[in-house]
Amino acid sequence: MFEGVNASDGIGIGVARVAVEPDLSFTPTTPEDPEAEKARYTEARDRFIASTNKQIERMIANGLEKEAGIMNAHIEFATDDGIIEMVEGSVDGGMCAEQAVADAYDMYYTMFSQMEDELFRERAADVADVKTGLLADLLGQELVDLSSLPENSIVIVHELTPSMTADIDKENVAAIVTETGGRTSHAAIICRALEIPAVLSVPDVTTIIKNGDLCIADGSKGQVIVDPTADELETYRAAAKKLAEDKAALEAFRGVPTKTADGIEKLLVANIGNPNDANGAAEHDAEGVGLFRSEFLFMDATELPSEEEQFAAYQKVALRMKNQPVIIRTLDVGGDKEIPYMDLPKEENPFLGYRAIRYCLNNPEEYKVQLRALLRASAFGDVEIMVPLVTCIDEIRKVKALVEECKKELDERGIKYNPNIKIGTMVETPSAAQIADILAAECDFFSIGTNDLIGYTMCADRGQDKVAYLYNPYQPAVLRSLKRIIEEGNKAGIMVGMCGEAAADPLLIPVLISFGLGEFSVSAPSILRVRRTISSWSKAEADALVEKIMVLKTSNEVKAMLQAAAK
Ligand code: PEP
Ligand code: MG
């Protein structure tokens with residue numbers, strides 16, 4: 001059994017599909033029969049084209065037309081007459097197919113990567129992908145295609161990136177196991193949104209587990225069992241059945257308002273990463289969107305998304321959620337969120353550096369593209385703007401000034417928007433927590449980002465296992481901060497929500513009720529469970545519990561008391 005981080009609940013039982021970087025090294029040989037060697041190349045090409053075409057069809061079926069367009073370039077480079085001639089000529093001259101393919105594609109790669117025009121330069125990456133695909137086939141190496149998997153696959157990868165999840169074959173993935181990432185990493189957040197059980201940060205798992213191994217992944221406990229015994233299989237099958245039954249029982253909380261046991265109404269909304277997730281939010285009975293992480297739009301693109309592209313994405317969410325609130329966070333780039341084409345400088349301390357609103361305010365014209373798209377979408381629903389990583393009031397003032405400029409520009413173009421669009425702030429830095437009163441006076445709402453707030457308050461990286469013992473919401477320092485933020489927001493009469501992962505923590509929910517949190521923004525699959533927990537606590541009961549925990553001195557004591565009181 002291997003231990004990792006319990007990143008996404010659920011039990012997956014299935015067969016391992018290990019997606020490793022293929023080993024494309026080979027020793028060049030001189031083929032005895034060049035005709036047979038050329039036929040080998042033709043067959044590899046045909047297989048590559050067939051599998052790429054299948055991928056394109058699936059992408060189009062899943063609404064990923066843009067990504068499908070990129071795959072079309074792969075077909076073009078595999079069927080290019082000039083390249084085919086070059087490879088076949090080299091084989092006729094005595095080269096093996098592997099060497100001939102490598103040489104031809106390397107030459108094209110160099111040519112494209114040195115071109116002036118950026119669009120042509122970007123095609124170098126496509127050339128490299130085609131070379132990898134053809135070489136892997138010739139060398140008999142299997143490239144695991146996550147978009148097309150056999151039933152009940154346990155996907156084993158070093159790192160789960162957003163682009164990998166863009167077209168993952170969700171129906172056939174029983175669980176995901178990785179070598180990197182913590183509970184609040186983006187990989188974890190994506191797995192929870194997709195409702196795929198996940199165990200992250202299992203050391204060396206891509207070398208320990210082999211393709212075809214029978215595995216059990218328990219995403220709730222963070223355990224992976226390879227080659228389970230019949231007893232283990234039976235136990236886990238029963239546990240999986242119980243989980244399915246619990247899920248069915250939660251259906252009683254569908255379609256009912258979110259209220260504490262004594263009738264205090266709360267807003268229960270969803271965190272989403274892309275416009276399609278709005279469907280999941282609505283299906284899980286969310287009362288709106290509390291955090292649309294707009295950076296995923298940027299991460300899944302190859303260049304900055306245009307105003308039209310962004311508008312279409314935001315409008316789609318606004319329309320899908322009807323008139324429910326949709327809080328869209330402006331670009332939160334940097335830190336652990338890398339966007340390759342933005343070329344941010346490498347930093348010693350990326351979490352303390354040039355990121356999020358700092359980047360945006362330094363690139364106002366780029367930022368205004370997003371603000372105009374958000375304003376335009378506000379004509380189609382209750383779209384609200386949220387600013388990430390705020391540390392001082394000047395940032396909010398500058399954003400507001402840019403929004404005003406954008407409104408004028410839209411007026412000149414005769415385009416409609418909501419002139420009273422709400423502008424709020426993430427409270428996810430200790431500085432923002434300290435000046436909550438100052439921020440509350442100029443913001444329309446707060447949303448507490450505990451993922452970062454805990455990290456910055458405890459000086460502990462959310463993805464670093466060695467300091468994981470510090471990184472939790474039960475730390476007295478974190479609790480005091482949460483209390484202060486919520487109280488200051490409430491005093492100013494603005495809505496105070498929470499969109500960090502702690503909002504869905506059943507142990508913390510009574511504490512948040514007592515502090516007076518008004519909105520809980522959680523991953524869509526947690527909606528019904530959170531509604532049930534909220535409904536099981538009255539304010540008086542929550543207050544009595546909080547009175548006891550706020551005098552405790554350690555996070556362990558706090559957690560133990562919350563566990564003992566849990567319903
Ligand atoms: C947070 O920091 O709590 C948050 C919601 O933002 P992210 O996880 O995207 O940094
Ligand atoms: Mg954050």
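Computed from a predicted structure; not experimentally measured. Whatever order the structure lists ligands and atoms in, that order sets their numbers, starting from 1. Along the sequence shown, residues are numbered consecutively beginning with 1. Note: hydrogens, waters and symmetry copies are ignored here, and every other heavy atom, side chains too, is used.
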Do Glu428 and ligand 1 have an N or O pair less than 3.5 Å apart? yes
Which is the closest N/O/S atom of Asp452 when seen from the Mg ion (ligand 2)? OD2
Salt bridge check, Arg484 against Glu488: does any charged N sit closer than 4.0 Å to a carboxylate O? yes
Should you measure from each heavy atom of Arg293, which atoms of ligand 1 turn up under 4.0 Å away? 4 (C), 5 (C), 6 (O), 7 (P), 8 (O), 9 (O)
Is Asp382 paired with Lys422 through a side-chain N to carboxylate O contact shorter than 4.0 Å? no
Under-4.0 Å salt bridge between Glu307 and Lys368: no
Using a 4.0 Å heavy-atom cut-off, which part of Ile448 comes near ligand 1: side chain, backbone, both, or neither? neither
Test: Arg376 and Glu308 ion pair at under 4.0 Å: yes
Heavy-atom distances under 4.0 Å decide this one: backbone, side chain, both or neither, for Lys337 against ligand 1? side chain
On the 0 to 90° scale, with breaks at 30° and 60°, tag the Tyr314-Phe292 ring pair as parallel, tilted or perpendicular. perpendicular
Ligand 1 atoms in contact with Leu291 (distance to a heavy atom under 4.0 Å): 5 (C)
Which of Arg254, Arg529, Arg532, Arg531 passes salt bridge (charged side-chain N to carboxylate O under 4.0 Å, His left out) with Asp285? It is Arg531
Is the distance between the Mg ion (ligand 2) and the nearest N/O/S atom of Asp332 smaller than 2.8 Å? no
Step-by-step salt bridge (charged side-chain N to carboxylate O under 4.0 Å, His left out) determination, Arg355 to Glu347: CA-CA 11 Å; Arg355 57 173 295 204; Glu347 296 184 60; over 6 Å; no
Is the closest heavy-atom distance from Met426 to ligand 1 below 4.0 Å? yes
Among the N/O/S atoms of Glu428, which is closest to the Mg ion (ligand 2)? Give the atom name. OE1
Residue-level breakdown please: for Met498 versus ligand 1, do any non-hydrogen atoms fall below 4.0 Å on the side chain, on the backbone, on both, or on neither? neither
